[in-house]
Every structure is written in C-alpha cells, then in structure tokens.
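The block underneath contains the structure these notes are about, expressed in structure tokens.
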Amino acid sequence: MTTIGILGVGYLGECLAEGLAGAIGEGSDFTVLLSPRSAARAARLAEKHGYEIARDNADLVTRSDFVFLATKPEQIVDTATGLPWRAGQRAVSIAAGITLPAIRAAVAPATALRSMPIAASRIRQSPTAYCPPDEMAEAVFAALGSAHAVDGDEQFETASIFGAYYGHLHVLYDTVAGWAQDNGLPAETARALTARMAQAAAASILTQTDRRPRAPLDDLMTEGGITKAGLNILDTADAFTPWSDALSESRKRSGEIAGEG
C-alpha cells in the first residue's frame, strides 16, 4: 500500500485529496495523510474521507511514500528543506517554476519530481504532466485522470503551461455559453452544448492521432457553410494567434518564478 502525504492542504491539495478518495473507493491501493496546514480544510477532509492528519510536516514525511509538495510555490523549497526525507521516497512539487535541481537539493535523498495536476483532479479528470518518468508517479496520476511523463525541466516547462491553458478554456466556454443564452437558449442547454461540443472535439483529436487537430475541418467544412462563415471571421481577426501569445506569456512567467526562487 502506498501512503500519499499532502503537504499543504490548500485548494489544489484539497482537489487531490478528493480525487484520491474516489480512487480508493474504486480499489486503488492508497492511503492518504494530510498535513495540519490549513487546519479547517484538513479537518473537513479527514472527517469526510476518514483521512488522518499528521502531527506536523516531519511526521507526514516520515510516514509517507509519496509526498505532494502543495504549498505556495515560493514556500515549497523552504518548507521541504530539513524534513526527514529518505531514499526511495517521492517528493512531488505541484507548482510552476520550481526547478528539479532546487527540489532535489531540498528533499535529498528522496526522489524529486515536478508535476502539474489541475483542479479536475477532484473529479479524476486531470491530464497531469510530470517529470522525470517514474512508475509510482504514473500510478498516482493515472488514478487522478491521465499521466503524461516528460523528460527534464525544459520539456516540463512547456507541458506545465497546459495548467494555464485549462484556465483559459473556462473563459472561452463561458463566452460561448453566454452567447447561446443571449440568443435564446436556456442556461442549462447552453452550458451542456458548449461543454459537450468541447468534449466531442477532444475525443476526435485523441482518436485521430495521425492527423493535426485542425485536419477534421477539411472533411466537415464546405464553402458557403456555417462553419466556414464563422471561421472566416476568426481568421480575418487573427483570433488564434493571441492564444499562442497567451501561452508564451504564461511560460515566460513560469521562468520568472524560477528566477525569483
């Protein structure tokens, strides 16, 4: 059985704890130990799921096999330093911008990892990038959605920006659902159609791995049709370039966080 410690039970730590409860309920061989940080939230989770709360951070590290470093990014290294880490243990940062060398120095002789789970961990739908590849991390993140190993800090810096992209998508979907409501659809229908269309597009991309994500448009779009009419507006306005710019800006900020650390 793998004991998973959550060091820092903030919002994302709570999402991880909720998702792990679902995984345990379906037979995953995990137990969860919470740090006393954010006492009210930890107590609520402990009561709801039967989790135990560690006496302090040192107690949590001593008793855990896999530790989520879930404090604020600027506190991760300082909080992890000096705790009773041991060989064979995993110490897993969930913050952007904190490099592997910085984590390794704080948690030696434990194995240091970086990861980017998202709030959808709560419903076990988080596509989580992590590095370096590791069997224990693969099992934990697969239980929370899907696990995506990458090699080293450079690849991870790009993969981690999908955490920001996840947030950006909520604004896009809110815009689409709002337009549908403004044009007469009930709120529930507008919300469902917006989300289900996004889900359908994602499923299409995942099942057609030999094609670019935009390629299905070649099959379904006709001159003079409604898809083409709307896409002409978006292309004329260069509406997609700002999405790349936004992701680049998020990656730039991640690098600045690393420098601040």
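Shown here is Tyr165, whose OH atom has no more than 12 heavy atoms of other residues, nucleotides or ligands within 6.0 Å. When the shell of 6.0 Å around CH2 of Trp243 is examined, it contains more than 12 heavy atoms from other residues, nucleotides or ligands. Counting heavy atoms of neighbouring residues, nucleotides and ligands inside a 6.0 Å radius, atom CG of Leu234 exceeds 12 of them. In the displayed structure, Arg86 atom CZ is contacted under 6.0 Å by more than 12 heavy atoms of other residues, nucleotides or ligands. The local environment of CD1 in Ile233 is sparse, with at most 12 non-hydrogen atoms from other residues, nucleotides or ligands closer than 6.0 Å. Atom CZ of Phe66 has more than 12 neighbouring heavy atoms from other residues, nucleotides or ligands inside a 6.0 Å radius.
Side chain of Gln89 to main chain of Val61: a donor-acceptor pair is present (N/O by atom type, distance under 3.5 Å, no hydrogens or angles). No donor-acceptor pair under 3.5 Å is formed between the side chain of Ser254 and the backbone N or O of Ala96. Using a distance-only test at 3.5 Å, with no hydrogens or angles considered, no donor-acceptor pair links the side chain of Thr227 to the main chain of Met221. The main-chain N or O of Ala23 is found under 3.5 Å from a side-chain atom of Ser28 such that the two form a donor-acceptor pair. Remark: side-chain polar atoms of Arg90 are not paired, donor with acceptor, to backbone N or O of Leu113 under 3.5 angstrom. Checked by atom type and distance alone, the side chain of Thr207 pairs as donor or acceptor with a backbone atom of Ser204 at under 3.5 Å. Checking side-chain atoms of Asp153 against main-chain N and O of Leu100 turns up a donor-acceptor pair under 3.5 Å. Distance alone, capped at 3.5 Å, places no donor-acceptor pair between the Trp85 side chain and the Ala91 backbone.
Criterion: ILVMFWY side-chain heavy atoms under 4.5 Å apart, direct or through other members. Under it, Ile4 and Met136 are part of a common hydrophobic cluster. Transitive grouping of hydrophobic side chains (ILVMFWY, heavy atoms separated by less than 4.5 Å) keeps Tyr173 and Leu193 in distinct clusters. No single ILVMFWY cluster, assembled from side-chain heavy atoms under 4.5 Å apart, contains both Ile118 and Val92. No continuous path of hydrophobic side-chain contacts links Val150 to Leu247 [ILVMFWY only; heavy atoms under 4.5 Å]. Taken together through direct or relayed side-chain contacts under 4.5 Å among Ile, Leu, Val, Met, Phe, Trp and Tyr, Leu169 and Phe162 form part of one hydrophobic cluster.
Using a 4.5 Å heavy-atom cutoff, the side chains of Arg55 and Pro36 are not in contact. Between Glu138 and His148, every side-chain heavy-atom pair lies at or beyond the 4.5 Å cut-off. Contact check for Pro117 versus Leu144: no side-chain heavy atoms found under the 4.5 Å cut-off. Between Leu45 and Arg41 the shortest side-chain heavy-atom distance falls below 4.5 Å.
The two residues Ser250 and Ala164 have their closest heavy-atom pair at OG-CB, 3.6 Å. What you find for Leu69 and Ile76 is that their closest heavy atoms are O-CD1, 3.6 Å. Pro213 approaches Ile205 most closely through the heavy-atom pair CB-CD1, 3.9 Å. Of all heavy-atom pairs between Ala147 and Ala142, the closest is CB-N, 3.9 Å. When all heavy atoms of Ile98 and Ser93 are compared, the closest pair comes out as CB-OG, 4.4 Å. The minimum heavy-atom distance linking Leu33 with Leu60 is given by the pair O-CD1, 3.5 Å.
A side-chain contact (heavy atoms from CB on, under 4.5 Å) with Thr2 is found for one member of Asp65, Val32, Asp29 and no other, namely Asp65.
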Problem - Step-by-step salt bridge (Lys or Arg N to Asp or Glu O under 4.0 Å) determination, Arg191 to Asp174 - result: CA-CA 8 Å; Arg191 182 188 186 95; Asp174 187 70; over 6 Å; no

Exercise for the section: Please step through side-chain hydrogen bond (donor to acceptor under 3.5 Å, both in side chains) for the pair Thr158 and Arg251, ending with a clear verdict. Expected result: CA-CA 7 Å; Thr158 297; Arg251 196 181 193 285; 3.1 Å; yes

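In this structure, a donor-acceptor pair under 3.5 Å is absent between the side chains of Ser115 and Thr128.
The distance from the OG atom of Ser64 to the CG atom of Leu7 is 8.5 Å, given to the nearest 0.5 Å. If you take OG1 on Thr111 and CZ on Arg104, they are separated by 9.0 Å, rounding to the nearest 0.5 Å. For the atom pair Ile24 CD1 and Leu20 CG, the distance stands at 6.0 Å (nearest 0.5 Å). For the atom pair CG (Leu83) and CG (Asp56), the distance works out to 8.5 Å, reported to the nearest 0.5 Å.
No salt bridge links Asp245 with Lys252; every basic N to acidic carboxylate O contact stays at or beyond 4.0 Å. In this structure, Glu18 does not pair ionically with Arg124, as no charged nitrogen and carboxylate oxygen lie closer than 4.0 Å. A salt bridge links Asp235 and Arg214; the closest N-O separation between the charged side-chain nitrogens and carboxylate oxygens is under 4.0 Å.
Residues that satisfy the ring pair (Phe, Tyr, Trp, His ring centres under 6.0 Å) test with Tyr51, not counting sequence neighbours, are His49. The ring pair (Phe, Tyr, Trp, His ring centres under 6.0 Å) check on Tyr11 picks up nothing, with sequence neighbours excluded. By the ring pair (Phe, Tyr, Trp, His ring centres under 6.0 Å) test, Tyr166 is found to be paired with His170, residues two or more places apart in sequence or in another chain being considered.
Residue pairs meeting the salt bridge (charged side-chain N to carboxylate O under 4.0 Å, His left out) criterion with at least one partner in residues 157-168, sequence neighbours excluded, are Arg114-Glu157. For the ring pair (Phe, Tyr, Trp, His ring centres under 6.0 Å) condition, the pairs that include at least one residue of residues 102-146, sequence neighbours left out, are Phe68-Phe141, Tyr130-Phe141. Applying the side chain to side chain donor-acceptor pair (under 3.5 Å) test to residues at least two apart or on different chains, none of the pairs has a partner in residues 180-190.
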